[in-house]
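Reviewing the structure listed below.
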Amino acid sequence: MENKYDFKVIETKWQHYWEEHGFYKVSEDPGRPKYYDLEMFPYPSGNLHMGHVRNYAIGDVVARFKAMNGFNVLHPMGWDAFGLPAENAAIKNGIHPSIWTDTNMENMKSQLKTMGISYDWDREIATCKPDYYKFTQWMFLKLYEHGLAYKKKSAVNWCPSCQTVLANEQVVDGGCERCEAVVEKKQLEQWFFKITDYAQRLLDDLEMLPGWPEKVKIMQRNWIGRSEGCQFDMKIKGSDQVVPVFTTRADTVFGVTYMVMAPEHPLVADISQNTPQAQEVKEFVERIKNLSEIARTSTEVEKEGVFTGAYAINPMNGEEVPIWIANYVLMDYGTGAIMAVPAHDQRDFDFARKYNLPIRVVIQGNDTPLDGADLTEAYVGDGKMVNSGTFDGNSVESGIAAVIAYMEEHGIGQGSINYRLRDWLISRQRYWGAPIPIVYCNDCGMVPVPEEDLPVLLPEDVEFKPSGESPLNYVRSFFETNCPNCGKEARRETDTMDTFVCSSWYFDRFCSPHESEQPFDKAATDYWMPVDQYIGGVEHAILHLMYARFFTKFLYDIKWLSCQEPFTNLLTQGMVLKDGSKMSKSKGNVVSPEDIINTYGADTARLFILFASPPERDLEWSDAGVEGAYRFLNRVWRLVVDYAHLINSQDGEGAELDEAARQLRFKTHATIKKVTDDIEGRFNFNTAISAIMELSNMLGAYRDNPQPNPAVVKEALESLLLMLSPFSPHIAEELWQLTGHEGSITLMAWPQYDPSALVQDEIEMVIQINGKVRDRIMVPSDSNEEEVRQQCMQTERIAAQLQGKTVQKMIVVPGKLVNIVAR
RNA sequence: GCGGAUGUGGCGGAAUUGGCAGACGCACCAGACUUAGGAUCUGGCGGGUAACACCGUGGGGGUUCGAGUCCCUUCAUCCGCACCA
């Protein structure tokens with residue numbers, strides 16, 4: 001046959017056809033159910049990698065499948081286009097970040113187009129464009145207006161060699177990702193978003209997300225880290241000062257033998273003043289301050305501390321206990337100070353043993369020694385309170401409640417909840433980001449830029465410092481401005497926003513990407529939001545997904561959005577591996593999507609990547625596997641070509657089906673059922689594809705039939721192409737046309753199975769003896785249990801096996817098997 | 001240390017509700033076609049055996065007529081968090 005599968009011609013042809021006919025452009029249509037299908041938009045690094053291909057192939061199957069099932073599908077794509085690599089490229093190669101980014105976006109867009117994904121490109125957005133970041137700035141202003149954006153001095157990661165602040169994610173193993181210098185801590189004025197105000201809702205509303213992987217929800221729960229306890233004040237002996245402490249173990253308050261404050265605690269200098277320990281304390285604080293984040297907080301580091309010379313008073317029993325400062329107490333959790341109960345907290349125990357501090361047992365477990373001196377480790381289990389005055393005899397649980405109640409009654413302290421979650425530091429001392437819309441005026445102080453003055457444009461003409469320091473600090477025309485309030489000379493904020501801010505609301509923007517006066521049109525988000533299916537890498541399980549949820553809740557609160565959660569269903573796809581590890585330049589195991597698409601075509605690339613593994617799991621790249629996918633598409637091609645004469649004739653309509661034809665029809669409908677269930681119910685594209693392969697195999701074998709039934713073949717082939725089309729759309733289009741259909745397969749309805757075709761006259765039943773398969777029989781599918789029992793005893797093999805045995809029991813699983821229990 | 005996941009042929013994987021372990025694909029072996037084959041088609045393919053028997057889902061134990069699937073225990077690998085009071 002001269003008609004060969006020429007993917008290059010076919011793929012180009014249909015990509016142009018789809019584009020010319022605007023197939024994937026969508027608008028709101030109240031008459032149809034909507035479906036918002038979204039893949040995490042990429043950073044425009046310049047080239048697609050296999051992880052992208054996998055992500056977008058998965059998303060495209062969902063989009064095409066839903067469209068064929070009658071949904072009005074929104075499937076947009078854009079660019080998370082601000083960020084450090086562009087700036088590094090500028091420093092290294094002298095290319096302006098905007099040019100570098102534009103070039104990359106263009107390149108990746110054309111690569112995406114060769115994949116044949118059903119994007120509505122009219123909705124393309126890039127977060128680095130003023131028409132977008134204008135509204136990122138608007139988001140900032142709204143948060144500011146509602147008291148959720150604030151500035152405070154904070155310890156940040158500082159790279160002494162690059163002379164700049166680094167984001168947490170830019171610190172790799174305690175060093176700068178760019179120059180590997182050891183990162184230091186530095187106190188700087190920084191902008192924060194008050195995500196902690198939403199901690200409880202972010203936690204509670206995880207319950208509203210049954211469509212999210214449990215794993216991601218657990219990670220978020222742990223990250224939020226809610227813990228219930230109480231907070232109370234410890235008075236400083238001989239002073240009016242008090243130090244609040246937080247504990248989850250109020251029941252152990254009578255076991256307090258010392259107190260610990262974080263070295264950074266603001267009262268440390270005060271209380272140690274005029275004590276013999278003052279100098280030692282000062283030195284210790286200095287030393288700890290200069291440690292890197294890793295050296296400071298790692299569990300590997302041995303606990304150490306110094307006595308401050310001061311004493312605190314336990315409000316429950318009036319006892320005086322020494323106040324220490326130690327490296328194991330952190331300033332930014334709880335109150336930065338703890339009551340130490342070495343008998344019942346392992347960390348306190350370790351510390352107490354090291355510095356010979358007393359250990360007093362106040363919870364008596366079954367075998368807990370009463371004397372702290374006999375303990376070998378802290379006792380953290382349940383038990384009865386002892387040495388605790390009137391509270392003795394309480395269990396841990398009732399003791400906690402009783403002590404808190406007592407504290408509240410006597411004005412000592414109160415029940416309190418702490419979160420591990422911290423406010424979101426959004427300042428970046430970088431050029432390539434959305435400028436923070438704030439002006440500093442000597443008279444008016446901090447003044448937000450009025451909405452009508454947005455966007456605060458990034459100046460184009462800047463000079464990049466080799467040190468990495470933000471060029472914005474040197475652009476007078478940028479930072480010299482007038483106060484929006486009083487008109488006097490003022491200075492503009494030169495920090496830009498973390499790129500996670502840009503990606504916290506882009507899914508809203510996709511609903512109405514061309515709005516110029518507002519971030520999005522409420523009618524559009526009311527129609528499209530929330531995203532029905534969100535797909536991306538699990539590496540965003542916490543940061544991006546938490547920030548996006550926070551923004552959505554905030555926009556809901558200020559009545560801009562009608563949904564409280566942005567993503568109804570979440571699919572976290574696994575990584576693409578080669579030789580057992582993640583593809584990376586340093587390992588030299590990178591497979592380029594461009595090469596694969598050039599050699600085998602997009603249909604093959606997509607098919608392989610979806611077939612090789614279920615989406616959530618890691619996928620091992622295999623060149624041989626790609627060959628296999630390519631061969632399969634070639635087989636389908638030949639199959640259709642071979643049958644072309646048959647299906648173009650109209651013979652055989654309504655004719656009686658022989659056994660072979662009935663089997664083929666059964667397989668067709670069974671496959672439709674299976675593929676539909678696999679895609680819709682559980683996103684198992686690998687098994688869906690294997691089912692399509694089975695149908696194809698059966699159709700291939702049926703070619704040998706001397707009297708084929710054209711109607712049954714036609715139905716089988718059409719179903720095959722329809723089911724293949726979400727996975728490998730180009731070849732499906734071409735073969736659809738080749739089999740005499742007008743128009744595009746993309747617009748066709750998903751095939752429906754006919755339950756009556758799945759009814760069989762006879763079914764096979766397995767016969768087991770003592771749980772082992774010994775024979776199989778065909779029985780009429782309407783046989784009752786008694787008939788099956790009779791029949792299975794009569795087969796030769798079963799009769800032989802049962803020689804000399806007594807049948808004790810028979811278990812019949814209708815339609816499946818019979819198990820004969822014989823001894 | 002805590003939390004989570006995974007473990008099935010030579011390989012990727014399937015078995016969806018406790019009911020035929022190994023679908024589908026790759027690799028491999030044999031055959032057909034052919035000047036040729038790294039194309040295509042047909043057949044085979046967990047171990048074991050002449051054929052049965054028998055053994056087999058990381059290891060050990062248990063529940064059950066029946067376990068890859070449920071329970072207990074243990075090992076290995078990967079991921080996340082990591083002094084969170």
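Excluded from the calculations below are hydrogen atoms, water molecules and symmetry mates; all remaining heavy atoms, backbone and side chain alike, are included. Quick note on labels: first sequence line is chain A, next is B, and so on, each numbered from 1. Quick caveat: nothing in here was measured; it's all calculated off a predicted structure.
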If I take atom [atom1] in residue [X] and atom [atom2] in nucleotide [N], what distance separates them, rounded to the nearest angstrom?
X	N	atom1	atom2	value
A:Asn634	B:rU40	CG	P	7 Å
A:Phe727	B:rG25	CZ	C1'	15 Å
A:Arg420	B:rC81	CZ	C1'	6 Å
A:Leu695	B:rA23	CG	P	18 Å
A:Met575	B:rC78	CE	P	12 Å
A:Glu616	B:rA5	CD	C1'	12 Å
A:Tyr258	B:rA85	OH	P	16 Å
A:Glu694	B:rG22	CD	P	13 Å

Please write out each protein N/O paired with an N/O of nucleotides 27-34 of chain B under 3.5 Å, distance rounded to 0.1 Å.
unit_1, atom_1, unit_2, atom_2, d
B:rA27, OP2, A:Arg631, NH2, 3.1

Indicate the atoms forming the closest heavy-atom contact of [X] with [Y], along with that distance.
X	Y	answer
A:Ile798	A:Ile820	CG2-CD1, 4.0 Å
A:Ser783	A:Val788	CB-CG2, 3.9 Å
A:Met723	A:Leu695	CE-CD2, 4.0 Å
A:Gly334	A:Asn418	CA-OD1, 3.5 Å
A:Ala199	A:Ile224	O-CG2, 3.9 Å
A:Val243	A:Met259	CG1-CE, 3.5 Å

Roughly how far apart, to the nearest Å, are [N] and [M] at atom [atom1]?
N	M	atom1	answer
B:rA14	B:rG37	C1'	33 Å
B:rA15	B:rC20	C1'	10 Å
B:rC54	B:rA67	P	15 Å
B:rG44	B:rG25	P	13 Å
B:rG62	B:rA53	P	26 Å
B:rG43	B:rG59	P	34 Å
B:rU57	B:rG7	C1'	9 Å
B:rG61	B:rU49	C1'	31 Å

Sugar-phosphate only, base, or nothing, as touched by [X] at under 4.0 Å among non-hydrogen atoms:
X	value
A:Val773	sugar-phosphate
A:Ser622	nothing
A:Val329	base
A:Gly225	nothing

Inset, instruction - Could you walk me through whether A:Trp324 and A:Tyr355 pass ring pair (Phe, Tyr, Trp, His ring centres under 6.0 Å), step by step? - result: CA-CA 10 Å; A:Trp324 287 62; A:Tyr355 293 102; 5.0 Å; yes

Inset, instruction - Please name the residue in the list A:Thr687, A:Asn686, A:Asn684 that meets the side-chain hydrogen bond (donor to acceptor under 3.5 Å, both in side chains) test with A:Asp678. - result: A:Thr687

I'd like a list of close polar pairs between nucleotides 65-70 of chain B and the protein, N/O only, cut-off under 3.5 Å.
unit_1, atom_1, unit_2, atom_2, d
B:rC65, O2', A:Asn819, ND2, 3.3
B:rC65, O2, A:Asn819, ND2, 2.5

G-U wobble or Watson-Crick pairing nucleotide for [N] (cut-off 3.5 Å, both distances):
N	answer
B:rC41	B:rG31
B:rC2	B:rG80
B:rA21	none
B:rU69	none
B:rA15	none

Polar-atom pairs under 3.5 Å, protein N or O versus N or O of nucleotides 50-57 of chain B: list them with distances, or write none.
unit_1, atom_1, unit_2, atom_2, d
B:rC54, OP1, A:Arg774, NH2, 3.4
B:rC54, OP2, A:Arg774, NH1, 3.3
B:rC55, OP2, A:Lys772, NZ, 3.3

Legend entry - Centroid-centroid under 6.0 Å between A:Tyr630 and A:Phe632 rings: no

Inset, instruction - Measure from the ring center of A:Trp424 to the ring center of A:Phe192 and say whether it is less than 6.0 Å. - result: no

Legend entry - Interatomic distance, A:Trp223 atom CH2 to A:Leu543 atom CG [nearest 0.5 angstrom]: 6.0 Å

Legend entry - Summary of side-chain hydrogen bond (donor to acceptor under 3.5 Å, both in side chains) pairs that have at least one residue in residues 611-623 of chain A, sequence neighbours excluded: A:Trp621-A:Asp623

Inset, instruction - Could you run through nucleotides 10-16 of chain B and give me one letter per nucleotide, 5' to 3': B if any protein heavy atom sits under 4.0 Å from the base, S if only the sugar-phosphate is that close, - if neither? - result: --BSSSB

Legend entry - Phosphate contact (B:rA85 OP1 or OP2) by A:Ser227 side-chain N/O below 4.0 Å: yes

Inset, instruction - Considering just the side-chain nitrogens and oxygens of A:Arg638, establish if one lies under 4.0 Å of OP1 or OP2 belonging to B:rA39. - result: no

Inset, instruction - When you get a sec, tell me which of B:rA85, B:rG19, B:rG80 is the closest nucleotide to the side chain of A:Lys816? - result: B:rG19

Result block: side-chain N/O donor-acceptor pairs under 3.5 angstrom for residues 209-216 of chain A, not counting sequence neighbours:
unit_1, atom_1, unit_2, atom_2, d
A:Trp212, NE1, A:Phe567, O, 2.7

Inset, instruction - Could you say whether A:Arg249 or A:Asn222 is positioned toward the 5' end of RNA chain B, judged by the nucleotide with the nearest heavy atom to each? - result: A:Asn222

Legend entry - Nearest-nucleotide 5' precedence on RNA chain B, A:Asn418 against A:Ile218: A:Ile218

Inset, instruction - Please say which of A:Ile535, A:Val62, A:Leu610 ends up in a side-chain contact (heavy atoms from CB on, under 4.5 Å) with A:Phe683. - result: A:Val62

Inset, instruction - Could you check if the base of B:rG46 is syn or anti? Syn means the glycosidic torsion is within 90 degrees of 0. - result: anti

Inset, instruction - Please determine, by modelled atom types, if A:Tyr379 and A:Thr252 share a side-chain donor-acceptor pair under 3.5 angstrom. - result: no

Legend entry - Mutual orientation of the aromatic rings belonging to A:His544 and A:His540 [parallel < 30°, tilted 30-60°, perpendicular > 60°]: perpendicular

Legend entry - Electrostatic pair A:Arg249-A:Asp345, nearest N-O below 4.0 angstrom: no

